[in-house]
2 protein chains.
Amino acid sequence: MNVDIGNALAAEATPGVPRAALERLDDRVADAHDRIAAGMADGEFGYAALNLPERADADAIRAAVDPFEDSDVLLTVGIGGSALGAATLVDALDSDLDCYFLDNVDPEYVAALLDGLDLSSTAMHVVSRSGTTAETLANFLVVREAMTDAGVDWTDRTFVTTGRAGNLRELADEHALPALDAPEGAPGRFSVLSTVGLPAAALAGHDVDELLAGGRDGMDALAGSLFDCPAYAYGATAYALDVRGAGINAMMPYAESLETFAEWFAQLWAESLGKDGLGQTPARALGATDQHSQLQLYRAGPRDKLVTLLRPRDRDDHGVPDTDLSGLDYLAGGSLGDLLDAEFEATEASLAESGVPNVRIEIPAVDERSLGRLLFDVEAACVLAGELYGVETFTQPAVEWGKDAARGLLRGDQALREKTELVVD
Amino acid sequence: MNVDIGNALAAEATPGVPRAALERLDDRVADAHDRIAAGMADGEFGYAALNLPERADADAIRAAVDPFEDSDVLLTVGIGGSALGAATLVDALDSDLDCYFLDNVDPEYVAALLDGLDLSSTAMHVVSRSGTTAETLANFLVVREAMTDAGVDWTDRTFVTTGRAGNLRELADEHALPALDAPEGAPGRFSVLSTVGLPAAALAGHDVDELLAGGRDGMDALAGSLFDCPAYAYGATAYALDVRGAGINAMMPYAESLETFAEWFAQLWAESLGKDGLGQTPARALGATDQHSQLQLYRAGPRDKLVTLLRPRDRDDHGVPDTDLSGLDYLAGGSLGDLLDAEFEATEASLAESGVPNVRIEIPAVDERSLGRLLFDVEAACVLAGELYGVETFTQPAVEWGKDAARGLLRGDQALREKTELVVD
């Protein structure tokens, strides 16, 4: 992975980071790196997630999915970090396995999805560290009933990733389901390269060893200067731009296969850094499509954005047939990939020309090795940014209030406070 | 549709709008409404889009798609406003027709999609007002070649929506393709209720008359006060919050079927209002899923957000089976819909409790009538906001620079200016 932060410098963009300020910030990056390295060495909560490329047991993951090799469909039941990592991997990499995610409790969606599946050739992966996540358990109960109604023995079609105790662990023990341990010390959003995210990739036939090797490439590349480490270059630049007014980070991959990566990034960035009144707001975009949707705003709207442009250097291409349609001479002899690359470069130049800060991230290709590296590096960038902001990167306290309130409402034993109504209809 | 702006008032939220300020703003809303009504009456560019529910010719649309009634697949080839409206409709409403959108030029995605389709039962709808949109024409050429290679007569499987002149019009004339006129006076992002967005809905078997009737319900509800018109209540509140610091508008429907609506909203809002250094940045979210991704940031991050919570009041529900799993007593006898509603209300209360401004939009159900109304009302809200900002709502000048640059790059006759590189790898 390489990161080009040239268009984020104050000489090019507003807001931008003066080169001298970046050099001063590098002292703080060095300190933060020491903190991160120490946390990794001690296996401290959160920091330990950055050791997953070395800690994850690929053999155990392959063994857990082995009974399901005959499946046509994988249904992952999980929400947030228990779903987005796996979704990122299987959406990025091509496979014949149909992968669906029950990461919401919309009854119409759940019913329509189950109605269309052959449950006898569906594997279900239930992912919840606590074994108590309301949405995940409710969906699991619904799928289990649907399997039973369809004459399918759910215990033959189900495996779990969960903690060492709790509902799902007991269920797995009782029914001898394959059960993987959720990784110690890693919040869900930092657990893609573990028993949380990798089983889907393994069942889809992707090379888990290469995904982990990519992550280890990222570990090896960590260094005490942002000028020597692409992950830290990205994290430090995003932080430095945010404190100068770029409170929004638009992640814009130029590859359909990385659209879900932008969702994963959005969770990682929002839930890790969004606290104490701080944190950059992630916006999910897709090149070239969003040039016809968001680019007007990025270029001509408020100067509150960093645009992160991401692309693979190599991809399978497809030629554009010759045509006698008028005005399309510039497509002649070219390919869709040429067009996409031209749009990438033109968008980057367009933003630079109007002084909107942007960063270019390039990966060699959308393959296992590059993807493992990308995911690790963005996690490391996020951890570095958390150190620079001085926030508790690995917690998410603000979601608990709503969870308690929802449970109280369902039990009927708790009312919400009266709200001010001003209804217009 | 109704809109509850109670949680956006200064008594409840920071930033918030003082009730008295809202009443003063209502004078400007009245003036803006006069301007909008005059533009509609005169058929002025842009404003004319708000007449589409009365102008659109449902019979012509049904006639154009009639030859393709036997299709299993509809492939819409278009980008931005030429795709998102149709995608919003077909993703919201349930149908047996498989709908795909070529709204990007990713060669791997295009090749994989075409590889998996039976082109002999695929209808292709090519949508480009100018007939020169690079991405759309390139994709059309690729699909046409694929059909020919598969022994399918592409002229039997293709219809177009385009302007009265240009490439696509000539092509349609030459090959006697069914051709619909792109609506006069309506930019792409305001053309869902027209020959741009409705053909997909018609072919999918949805009731186009009801969609248009919903739009007319919205037209009838326009009034010179934000306190009497839900569309204006939403547009005025979003504007008033933005100028007080809520520069981000997170659109968060609680329905999987409305996930694409949030994309459509994001284009409408960004491309219409993002100019002259102004405009609120749309963020696309989905309830309840993003409670486990974005809510931490919304509740505890910077006070720069309005969260728009949207839900249907009625939906098909699905019970949660009883269970002896521990700690799940609150799910007993309940349904997925109960859980989703409890999460909606808990999230709203959670944001209010921490003083984050939020607006509740409710529609009766996700059906044609309600959807037509929702789309119209959000368009009207956007036009009103554009008047309040004082921007040119209906243009998108900032995307042209990049288009020209991309064409120049492909022709090899234009180099981009040298950029500052600061590459870390």
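Naming convention: chains lettered A, B, ... in sequence-line order (proteins, then strands); numbering from 1 in each chain.
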**Item:** Proximity breakdown for B:D341 and chain A, heavy-atom pairs closer than 4.5 Å
**Value:** neither
**Prompt:** Roughly how far, to the nearest 0.5 Å, is CG of B:L328 from CG of A:L410?
**Reply:** 11.5 Å
**Item:** For the student: nearest non-hydrogen atoms of B:F140 and A:L325, plus distance
**Value:** CE2-CD1, 4.3 Å
**Item:** Residue part contacting chain A, namely of B:L268, when any heavy atom lies under 4.5 Å
**Value:** neither
**B:N2 side chain vs A:V424 backbone, donor-acceptor pair below 3.5 Å** = no
**Message:** If only side-chain N and O atoms count, and only distance matters, is there a donor-acceptor pair under 3.5 Å linking B:E108 with A:H318?
**Reply:** no
**Portion of B:D94 that has a non-hydrogen atom of chain A nearer than 4.5 angstrom** = neither
**Request:** Find the distance between CH2 (A:W401) and CG (B:L295) and round it off to the nearest 0.5 Å.
**Result:** 10.5 Å
**Asked** When you check the side-chain N and O atoms of A:T420 and B:N7, is any donor under 3.5 Å from an acceptor?
**Response** no
**Prompt:** Under the 3.5 angstrom rule, does the side chain of A:Q296 hit a backbone N or O of B:A398 as a donor-acceptor pair?
**Reply:** yes
**Prompt:** So what's closer than 4.5 Å to chain A heavy atoms on B:L273: side chain, backbone, both or neither?
**Reply:** neither
**Expected output: side-chain B:Q294 to main-chain A:A270 donor-acceptor under 3.5 Å** = no
**Asked** B:N167 side chain to A:S326 main-chain N or O, any donor-acceptor pair under 3.5 Å?
**Response** yes
**Request:** Using non-hydrogen atoms and a 4.5 Å limit, figure out which bit of B:T347 sits close to chain A: side chain, backbone, both or neither.
**Result:** neither
**Prompt:** B:I248 versus chain A, heavy atoms under 4.5 Å apart: side chain, backbone, both or neither?
**Reply:** side chain
**Message:** One thing to verify: whether B:D338 and A:R407 come together as a salt bridge, which I'm taking to mean a side-chain N less than 4.0 angstrom from a carboxylate O.
**Reply:** no
**Message:** Taking side chain as everything from C-beta outward and backbone as N, CA, C, O, which of these in B:V110 sits under 4.5 Å from a heavy atom of chain A? Side chain, backbone, both or neither.
**Reply:** side chain
**Request:** With rounding to the nearest 0.5 Å, note down the distance linking CZ in A:R411 to CG in B:L331.
**Result:** 9.0 Å
**Fill in**
When the 4.5 angstrom heavy-atom criterion is applied to B:L168 and chain A, the contacting part is neither
**Request:** Could you check A:Q396, A:E263, A:Q267 and say which one makes a side chain to side chain contact (heavy atoms under 4.5 Å, CB included) with B:S293?
**Result:** A:Q267
**Request:** Taking B:D103 for its side chain and A:T289 for its backbone only, find out whether a donor-acceptor pair lies under 3.5 Å.
**Result:** no
**Prompt:** Do we see a donor-acceptor contact under 3.5 Å between the side chains of A:E135 and B:H292?
**Reply:** yes
**Message:** Under a 3.5 Å distance rule, please check whether A:D276 uses its side chain to pair with a backbone N or O of B:G301 as donor and acceptor.
**Reply:** no
**Message:** Please classify the contact of B:A352 with chain A as side chain, backbone, both or neither, using a heavy-atom distance under 4.5 Å.
**Reply:** both
**Prompt:** So what's closer than 4.5 Å to chain A heavy atoms on B:L339: side chain, backbone, both or neither?
**Reply:** both
**Message:** Could you check whether any side-chain heavy atom of A:N139 comes within less than 4.5 Å of a side-chain heavy atom of B:L336, counting everything from C-beta outward?
**Reply:** yes
**Fill in**
CD of A:E348 to CG of B:L416, rounded to nearest 0.5 Å, is 8.5 Å
